[in-house]
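Worksheet for the structure shown next.
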Amino acid sequence: MTQSAESPGRRQVVTPTRVVTGICLIVPFVAMLWVSSYARVEPKFIGIPFFYWYQMAWVPISTVLTMIAYKLVQRELRARKGGAAQ
């Protein structure tokens, strides 16, 4: 007899940390998929059209958001393990 994937004592809980993590991971996708928001030439930044520098700006922004999401998840996992041991 096999157990179901969700046993009564182990259900998934939506916490504020998980919501923030999800937002951090989704924002870059939305920003890049909403092409009409940046499909233009002006304003130029050091001679580079907006279309290009906007996309390149999202590389470090996405990195920072992913790092924040990772740190939040790691902190939550440490708190759960520490709380279960007490």
**Message:** Rounded to the nearest 0.5 Å, what separates atom OG1 in Thr17 from atom CG in Leu72?
**Reply:** 6.0 Å
**Prompt:** Can you list the residues that meet the salt bridge (charged side-chain N to carboxylate O under 4.0 Å, His left out) rule with Arg18, with sequence neighbours excluded?
**Reply:** Glu76
**Message:** With clusters defined by side-chain heavy atoms of hydrophobic residues (ILVMFWY) lying less than 4.5 Å apart, directly or transitively, does Ile61 cluster with Phe50?
**Reply:** yes
Please table the atom pairs, donor to acceptor, closer than 3.5 Å between any side-chain atom in residues 33-40 and protein atoms at least two apart or in another chain.
| from | atom 1 | to | atom 2 | distance (Å) |
| --- | --- | --- | --- | --- |
| Trp34 | NE1 | Ser36 | OG | 3.2 |
| Ser37 | OG | Trp34 | O | 2.7 |
| Tyr38 | OH | Met32 | O | 2.8 |
| Arg40 | NE | Glu42 | O | 3.2 |
| Arg40 | NH1 | Ser37 | O | 3.3 |

**Fill in**
The ring pair (Phe, Tyr, Trp, His ring centres under 6.0 Å) partners of Phe45 (sequence neighbours excluded) come to Trp53
**Message:** Enumerate the salt bridge (charged side-chain N to carboxylate O under 4.0 Å, His left out) contacts for residues 20-30, please, sequence neighbours excluded, ordered by first and then second residue.
**Reply:** none
**Request:** Report whether Phe51 and Met56 are members of the same hydrophobic cluster (ILVMFWY, side-chain heavy atoms less than 4.5 Å apart, transitive linking).
**Result:** no
**Asked** Who else is in the cluster with Leu77 when I, L, V, M, F, W and Y are joined by side-chain contacts under 4.5 Å?
**Response** Val73
**Asked** Transitively linked via ILVMFWY side-chain contacts under 4.5 Å: Ile46 with Val41?
**Response** no
All N/O donor-acceptor pairs, side-chain side in residues 64-71, below 3.5 Å, sequence neighbours left out:
| from | atom 1 | to | atom 2 | distance (Å) |
| --- | --- | --- | --- | --- |
| Thr66 | OG1 | Ser62 | O | 2.8 |

**Message:** Can you tell me how far apart CH2 (Trp58) and OG1 (Thr63) are? Round to the nearest 0.5 Å.
**Reply:** 11.5 Å
